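Just so it is clear: chains get the letters A, B, ... in the order the sequence lines come, proteins before strands, and each one is counted from 1. The model shown is predicted, which means the values in this text are computed figures rather than measured ones.
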Protein chains: 2
Amino acid sequence: MMDNQDDGVPNRSDSVQLSRRAKDKLNGTRARNQGARKSEITRARILDAAAEVFMEKGYALARIGDIAKKAGTQPSSIYYYFDSREAVVEEVLSIANNRTDRSVRRAIEALHKTADLRARITAAIHGQVDSVLSGDPYTAAHMRIFDQIPPKMREHFLRILDENAELWRALLFEAQQNGLLRPEIDISVARLLLFGMMNWSIEWYKPGRMTPDDVAEQVALLFLDGTFVRDR
Amino acid sequence: MMDNQDDGVPNRSDSVQLSRRAKDKLNGTRARNQGARKSEITRARILDAAAEVFMEKGYALARIGDIAKKAGTQPSSIYYYFDSREAVVEEVLSIANNRTDRSVRRAIEALHKTADLRARITAAIHGQVDSVLSGDPYTAAHMRIFDQIPPKMREHFLRILDENAELWRALLFEAQQNGLLRPEIDISVARLLLFGMMNWSIEWYKPGRMTPDDVAEQVALLFLDGTFVRDR
DNA sequence: AACAATTTCGAATATGATTTCGAAAAAATT
DNA sequence: AATTTTTTCGAAATCATATTCGAAATTGTT
């Protein structure tokens, strides 16, 4: 269903975690063997299945057997590719982070050079909301399970999330410098509230009545101008 | 620490779930015995402890042993008061729902009769945000574990949440009828986005720099007027 | 076709948690 | 003080799942 050929993971041979066993084999005999990627496909299938199961069941209720079943394999086979259940989660989240970050950047870059801040912020919102609501199991799983994962992993990804947030900080800071924001607004709080609107949307959004872009439009409208009509 | 004498649970003898054993005893011999409430205190202590543990660890990582320890008792003792781990969770969430609903209603009722819609919405926001960020373990636990609980319970509480939302729907509908809202706004989406801002805040809020009321003020500002300065 | 490496799988293991149970302790009642 | 009821607790039973392991099957190489 959902493929994951290119997820922005920078350097596959670094980022991919093979089990101890597979690693030993690979290093031991012939390191530069290209045929070894035959069943990277299975690996990807397991990750895809994991993302879907996490999206559907959350972290705690996602049995490793569920993942295996959806991937069409056995629980024990998963351990050929991953050291542990946690390692699977970790990679799913990592891929999700990359996808979301890329979605936001792409949306901004698709704009004309001349686009003003209002347009850039709006584009960024569309990028983020699309990523959350597109139906991609990775990004959906990310939103669903993020606060269910073990503390250590959570901290790790909080750091990554914070790095990605730099883009948003810069946007809002620039808007403030240019006098575009109402003076009562605290931009660091506003940014977090904006994330609340966007990320929480997965809790209630159901495809049908509205597209993700429709939702994004409402978010942008609300964030920039609020709901109340202007005086006079 | 946190007590729970009166949580708005309408009819204690109905709402409280005793274990099969305790129930049998009670019905069998003397139903209208008032002395039986001696150790309702323990029951409350267990609930308080559970709320704290759920708040701190989430649903999956909250062991029944953790709850027992924090309550100063044994795991097996908890089963004297509750049929299962789930029954504990269910009551914690039920109490949390009542508290939040009450917090919102109280904030509105504290207003003058003459208060306009803008003031009423602002008050409601303060009530909700206070409830989420006040540090009450019940409401905090609710936000933290809601999407981690088993599907069946989740549906149950979604229904309750939806009933409580009626108050918000009415507020926004009235605002719309009075022509106070910008026409592009979809009030059902706006309401959900507002909830996103408020409920997600527990993910990032740390006491110190801002009070819950400070946060609520920013939420109200953003929701009503947006972040951008008005044209001209 | 023979050989070597990779991948799959079923069975066994290990671990950790909820829950049950019956007896002991504490509290209330007579 | 004796008796009954309520409450606590430790030990065991139960259950579920992640993980390991070695052997089989598959795939790739010469």
Measure CZ/A:F82 against C1'/D:dT19 and give the value in whole Å, please.
15 Å
Ignoring backbone atoms, test whether B:T42 places a side-chain nitrogen or oxygen under 4.0 Å from the OP1 or OP2 oxygen of D:dT8.
yes
Would you mind reading off the distance between A:I41 atom CD1 and D:dT26 atom C1', rounded to a whole angstrom?
15 Å
Is any side-chain heavy atom of B:D214 closer than 4.5 Å to one of B:Q218?
no
As a test of reading the structure: which of C:dT19, D:dG10, C:dA11 is closest to the side chain of B:Q74, going by heavy atoms?
D:dG10
Side chain of B:I64, heavy atoms from C-beta onward: which of D:dA18, C:dT18, D:dC21 has the nearest atom to it?
C:dT18
Round to a whole Å and report the spacing from CD of A:E86 to C1' of D:dT17.
15 Å
Nucleotide of D:dT7, C:dT7, C:dC9 approaching A:T73 most closely (side-chain heavy atoms):
C:dC9
Are A:L222 and B:V189 side-chain neighbours, meaning at least one heavy-atom pair lies under 4.5 Å?
no
Can you find a side chain N or O atom of A:Y80 that sits less than 4.0 Å from OP1 or OP2 on C:dT7?
yes
What is the distance, to the nearest angstrom, from the CZ atom on B:R63 to the P atom on D:dC15?
19 Å
Classify the ring geometry between A:F146 and A:F157 as parallel (under 30°), tilted (30 to 60°) or perpendicular (over 60°).
perpendicular
Just how far, in rounded Å, is C1' of C:dT20 from CD1 of B:I78?
15 Å
Calculate the interatomic distance between A:R85 atom CZ and D:dT20 atom C1'; express it in whole Å.
18 Å
Using 30° and 60° as the class limits, which term best fits the ring planes of A:W168 and A:F195: parallel, tilted or perpendicular?
perpendicular
Report the distance from atom CG of A:D66 to atom P of D:dA16, rounded to the nearest whole Å.
14 Å
Tell me which nucleotide among C:dC9, D:dT19, D:dT7 gets nearest to the side chain of A:S77.
C:dC9
Has B:Y79 got a side-chain N or O lying under 4.0 Å from the OP1 or OP2 atom of D:dC9?
no
Check whether any side-chain N or O of A:Y81 sits under 4.0 Å from OP1 or OP2 of C:dT8, and answer yes or no.
yes
Separation of A:R43 atom CZ from C:dT6 atom C1', in whole Å?
15 Å
Stepwise, does the side chain to side chain donor-acceptor pair (under 3.5 Å) test hold for B:R99 with B:S134?
CA-CA 11 Å; B:R99 289 191 181 182; B:S134 65; over 6 Å; no
